[in-house]
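Beneath this line is the structure, given in structure tokens, with notes to follow.
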2 protein chains.
Amino acid sequence: METPAKKDAPAHPRKSRKGATPTVRDVARLAGVAPMSVSRALNNPDSVSPEILQRVREVVDRVGYVPNLLAGGLASKKSRMVAAVVPTISGSVFLEMVQALTDGLAARGYQLMLGQAGYENSREDALLEAIIGRRPDGVVLTGIMRSEQGRRRLLASGIPVVETWDLTDSPIDMLVGFSHEQIGKAVAEYLHGRGRRKIAAISADDERAVRRNRQFADTVLTLQPGLGTDRKAVPTCVVPAPTSLGSGRTGLRELLARDPGIDAVFCSSDMMAQGVLLEALALGIEVPGQLAVVGLGDLAFSRDLHPPLTTVRIDGTAIGSIAASLIIDRAEGRPVEAPVRDVGFVIVERGSS
Amino acid sequence: METPAKKDAPAHPRKSRKGATPTVRDVARLAGVAPMSVSRALNNPDSVSPEILQRVREVVDRVGYVPNLLAGGLASKKSRMVAAVVPTISGSVFLEMVQALTDGLAARGYQLMLGQAGYENSREDALLEAIIGRRPDGVVLTGIMRSEQGRRRLLASGIPVVETWDLTDSPIDMLVGFSHEQIGKAVAEYLHGRGRRKIAAISADDERAVRRNRQFADTVLTLQPGLGTDRKAVPTCVVPAPTSLGSGRTGLRELLARDPGIDAVFCSSDMMAQGVLLEALALGIEVPGQLAVVGLGDLAFSRDLHPPLTTVRIDGTAIGSIAASLIIDRAEGRPVEAPVRDVGFVIVERGSS
DNA sequence: TTGAAAGCGCTAACAG
DNA sequence: CTGTTAGCGCTTTCAA
């Protein structure tokens, strides 16, 4: 009567109600071990005897036990989830990165939570709260966090953060990116070096593209002192993000209307560059003869275009997998060697320039 | 000495250690109310007096309290997370759907967990375990779940499931999709109706594309009895998923090598159709004069191609938002009117055919 | 309305 | 190596 601690036939204490999902206790009871041993058998097989391991596994398979990771996360303070925030998923520029991130995380037992912030960071705040509330083991931000409020909340939460796709002197925590300014400069120098003297740009209106383009224009002005010092001397068409093939087509028309002599266009995305290529074809403008076209991103299709597109290659896959391993290292308490990485970029010269 | 239940100055019981994230108890103490009242003030403001509401909100803002949703989920058995499984994110065909899904969920306070199954469903099993373990309020599958093992686990878990992007007579639970067979049939009839008599296809090798194409070929054979009854009479080039612009280019070359007289190609993606367009241009084949091209997906760029691409429009946005609302309705205990929806498809006729 | 008690299902930290 | 004891931070349930 005292202790109903019989293992085989408990009086009738909280019998596992039929249909309910089994818990560690159910498994423990059926395997004749303590719940803690079940936990150990599952999370750290080496720490239990072969007999227990085997009995536990047998029961787990038989009853179809799937550990509740919410409970585990609450107890261990490790959720094994990582949140990623992208401006928008349908820009496709970030896909490689998201793919590498998911893969890298999945391989180590982590799951990805995806959030879209939009380009106008209005939703950013609610999103941040939804993320922090789930106590992820890490957050990957596409672009750097601009709002001071957001930076503070993230910092206060103590969650490891990787900012990506940009560089800054004052990262919240870790950083994997490249310099948009340097891209602007490099492309301007490249086009100038190829003899182009009527250089133009079609750029998205998001903050990174704007900075990139400012440097692009400034570099052109430096290289061609005759143009003066006003950036407006470098014809630029600004289109709303996310960019599209269509915005490339209209962008080129607009530029030509402003200045028919343009001989080079730097586009802030490959998709847009493709639109420029297409529009040039439709207008009978020869590429690269009359017009050089440079894109950004080096998406999968770019090398197969006609002519193959010269573009700035950004290694989204590298960014994603480095971000994944930085977060995992940090989450598992390993020291992180280099928390700030510049993955750089390469101008891939192809037929369009 | 008995009960240290003084509100203002507790003896020294678990003082909120500096730097630790605040919990309901901290907020409750500072606001001079019970933890439960904090919970109510946050989740159901109407159920609490204005004074308490205000005091709680003040403290929440002041200390930057963000509720731990893992703990909340454990206690309430509602995680407010939905898992989505896509074959791969970089096919871009599913992006619209994922975007609509994220948006629809975020608007109601739900978060998306994204998993990539790969096209070879080898990882599918581990992924399923990772998902079920997190006790999401719903799972959205891209394509129907083929493995019997997987279906059983999902069913046993009791989690609401929405299968998408396909139709089946025996859904696990809910379903939002369209018929790949009907698409195959419709496109074959469309091309035949436009007078094409040497109809070919370039298709991915995934299961849905295969079924679609089988019906496509069979319909062509029915419409042109002279071809016999062997599907091989309809030239088909099978390429590995995910498809790309490059596979469209090589696919067309391969088809022409087999039969130079081909006058129509049905491609299993818009990206691939674009490759065909490009290759035709390079080879001097006139589209649509000599060759009609039809894609699948109606991606954003398709209307801007040259010529604009005729394609099968699939409303990924609709699929995503319907899936979101089905899951949310189910999660919140509302009756689900029509758990199986055929969103259909439309052949959008443009310049390429 | 508000509060107190009792867990949700798991694992950290100790003992044995 | 194995078990016991306490929670993790929240919400359900019931009583006041």
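Letters A, B, ... mirror the listed sequences (proteins, then strands); counts begin at 1. In this text, all values refer to a predicted model and were calculated from it rather than measured experimentally.
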Using the C1' atoms of the five pairs at each end, what is the angle between the end axes of the helix from C:dT1-D:dA16 to C:dG16-D:dC1, to 10°?
30°
Go through C:dG9, D:dG9, C:dA4 for me and flag the one nearest to the B:T23 side chain.
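Nearest nucleotide to the side chain: D:dG9.
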When the distance from [atom1] of [X] to [atom2] of [N] is rounded to whole Å, what number comes out?
X      : N      : atom1 : atom2 : result
B:L42  : D:dC10 : CG    : P     : 9 Å
A:N44  : D:dT2  : CG    : C1'   : 14 Å
B:L74  : C:dC8  : CG    : P     : 9 Å
A:R25  : D:dG3  : CZ    : C1'   : 15 Å
B:L69  : D:dC10 : CG    : P     : 9 Å
B:R29  : C:dG3  : CZ    : P     : 15 Å
A:N68  : D:dC8  : CG    : P     : 18 Å
A:R135 : D:dC8  : CZ    : P     : 14 Å

Does the side chain of B:Q99 come within less than 4.5 Å of B:D103's, by heavy atoms?
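When only atoms from C-beta onward are counted, B:Q99 and B:D103 do touch, with a gap below 4.5 Å.
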Hey, are the side chains of A:I131 and A:V85 touching, using non-hydrogen atoms and a 4.5 Å cut-off?
yes
If I compare all heavy atoms of [X] with all of [Y], which pair ends up nearest, and what's the gap?
X      : Y      : answer
B:E124 : B:M145 : OE1-SD, 3.6 Å
A:P136 : A:A83  : CB-N, 4.1 Å
B:A41  : B:V56  : CB-CG1, 3.9 Å
A:W165 : A:M97  : CE3-SD, 3.9 Å
B:S79  : B:D137 : N-OD1, 3.1 Å

Base contacts versus sugar-phosphate-only contacts with protein, heavy atoms under 4.0 Å: please encode nucleotides 11-16 of chain D as B, S and - from 5' to 3'.
SB----
When you check the phosphate oxygens OP1 and OP2 of D:dT2, does a side-chain N or O of A:S37 lie under 4.0 Å from one of them?
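Answer no for this pair, as no side-chain N or O of A:S37 is under 4.0 Å from OP1 or OP2.
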Which residue lies toward the 5' end of DNA chain C, B:V48 or B:K77, if each is placed at its nearest nucleotide?
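Whichever sits nearer the 5' end wins; that is B:V48.
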Judged by atom type as modelled, is there a donor-acceptor pair below 3.5 Å linking the side chain of B:R134 to the main-chain atoms of B:A130?
yes
Which of B:Q54, B:R62, B:R55 passes side-chain hydrogen bond (donor to acceptor under 3.5 Å, both in side chains) with B:E58? Answer is B:R62
